[in-house]
Number of protein chains: 2
Amino acid sequence: MKRDSRLSVALHVLLHMAQRDTPMTSEEMAACAGTNPVVIRRTFAGLRKAGIVASTKGHGGGWRLGRALSSISLAQVQEALDETIIALGKAEEMPGCLVEQAVNAALDDAVDEARALLVRRLAAISLASVFGSIDTSKIPLAKDHHHA
Amino acid sequence: MKRDSRLSVALHVLLHMAQRDTPMTSEEMAACAGTNPVVIRRTFAGLRKAGIVASTKGHGGGWRLGRALSSISLAQVQEALDETIIALGKAEEMPGCLVEQAVNAALDDAVDEARALLVRRLAAISLASVFGSIDTSKIPLAKDHHHA
DNA sequence: TTTCATGTAACATAAATAGTTACATGAAGC
DNA sequence: GCTTCATGTAACTATTTATGTTACATGAAA
């Protein structure tokens, strides 16, 4: 089963957006995500509905953050994308089969618990803290500021 | 993203297999899983490699458990299926981008933790315990044994 | 030596996702 | 007001992945 990387992509784009003072067009976002503008607009529509970003049409328009980085948790972004977290599903081929019911009940408990844990962890991480974790020491200086 | 229900299906079939004293053909297994024999043979090849089931060719052949239900954990079956657990993946569009790296590092931690929890939970559940949880009170009696 | 079942390759189908084209909507600038 | 630029979204195409199917070789029992 293929994994869904929309959350990773969305977070990446959001952090680049945070570094700008002008709105970011879907074309710029697409370039930064390695995809195309329509896919971005489609994906980010969910984030807009959640208030995480806002978009404006027309000249000088584009996308900007809807609130501060510190007020956006990874869980909120995940939720807004309506992305599946746990890949394990349950079979429902034989709705009346007690064996199938017992199997699904056993799986449900474990899966729900893991999903809840992941959501808690993602809820505890803000975009601001991810932003702060960027290792700026690796960024080559644009110009030599003759440090030291 | 679509969920993968192979674990649920495999567990279901294994429990039906446990209730029999003769080998179960892939055709019977397919009927019980709502799929077809080749898909079953393909899926269960992984379980055979893990020793969870054994298969024999020829007349009277088919599939049977490789060890006792109490010695098979849900985690072992999951592992044998080589099934993805967590659906969240990471983007690697811009390998050099520090922002992308920071995002993926943040996600990795949370995802790994949730995956580990789920595996622990699945490892703690044996097929025998799932078998024991089947609610036999709901099974209609085949014939009236004039109980009471 | 016939029958039955697995093992597996090769191919076909189906379903989900992503990408593309096209165009309506609306906001800025001239 | 008209042009330009950007979003919003529908409709379509392409790609990818998983599933289902056909075909046939292998091997064991009767």
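Not measured: the values here are computed from a predicted model. Side chains are part of it too, since the values below use all heavy atoms of this structure and drop only hydrogens, waters and symmetry mates. Residue numbering restarts at 1 for every chain, and letters A, B, ... go by the order of the sequence lines.
Rounded to whole Å, the distance from CE on A/Met29 to C1' on D/dT7 is 11 Å. The NZ atom of A/Lys49 sits 13 Å away from the C1' atom of D/dG8 (whole-angstrom rounding). What separates CZ of B/Arg64 from C1' of C/dT6 is a distance of 13 Å, to the nearest Å. One interatomic measurement links the two molecules: CZ of A/Arg3 to P of C/dA18, which rounds to 15 Å at whole-angstrom precision. B/Glu27 places its CD atom 15 Å from the C1' atom of D/dT22, with the value rounded to the nearest Å. Between the CD1 atom of B/Ile40 and the C1' atom of D/dT21 there is a distance of 15 Å, rounded to whole Å. Put simply, CH2 on B/Trp63 is 16 Å from P on D/dA28, counting in whole angstrom units. C/dG7 atom P lies 13 Å from atom CZ of B/Arg42, rounded to whole Å.
Here the side chain of B/Val38 is nearest to one of D/dT26, C/dT8, C/dT21, namely C/dT8. Listed nucleotides: C/dG7, D/dG8, D/dT4. Nearest to the side chain of A/Lys57: D/dG8. In the set D/dG20, C/dT6, C/dG29, C/dG29 carries the atom at the smallest distance from any side-chain atom of A/His59. Nearest nucleotide to the B/Arg48 side chain, out of C/dT6, D/dA6, C/dT21: C/dT6. Distances were taken from every side-chain heavy atom of B/Val39 (C-beta onward) to each of D/dT19, C/dA22, D/dT7; the shortest belongs to D/dT19. The side chain of B/Asp4 lies closest to D/dT19 when the candidates are D/dT4, D/dT19, D/dT22.
A/Ser55 has a side-chain polar atom (N or O) that falls below the 4.0 Å cut-off from OP1 or OP2 of D/dG8. Within the structure, every side-chain polar atom (N or O) of B/Thr25 is placed at least 4.0 Å from both OP1 and OP2 of C/dC4. A sub-4.0 Å separation between OP1 or OP2 of D/dA6 and a side-chain N or O of A/Ser26 is absent. Put simply, B/Asn36 has no side-chain N or O that comes within less than 4.0 Å of OP1 or OP2 on D/dG20. For A/Arg41 and D/dT7, the shortest distance from a side-chain N or O to OP1 or OP2 is below 4.0 Å.
Residue A/Lys2 places no side-chain atom within donor-acceptor reach of the base of D/dT17, judged by atom type and a 3.5 Å distance cut-off alone.
There is a path of hydrophobic side-chain contacts, each under 4.5 Å, that joins A/Ile86 to B/Val119. Under the 4.5 Å side-chain contact rule for hydrophobic residues, B/Met94 and B/Val103 do not share a cluster.
The number of heavy atoms from other shown groups lying within 6.0 Å of CD (B/Gln101) is above 12.
The backbone N or O of B/Ile40 lies less than 3.5 Å from no partner atom in the side chain of B/Ser26, so there is not a single donor-acceptor pair.
Residue-to-nucleotide proximity on DNA chain D shows that, of A/Gly61 and A/Ala45, the 5′-proximal contact is made by A/Gly61.
Side-chain contact check for A/Val53 versus A/Leu14: some heavy-atom pair is nearer than 4.5 Å.
Residues B/Trp63 and B/Arg41 approach most closely at CZ2-CA, 4.2 Å, considering heavy atoms.
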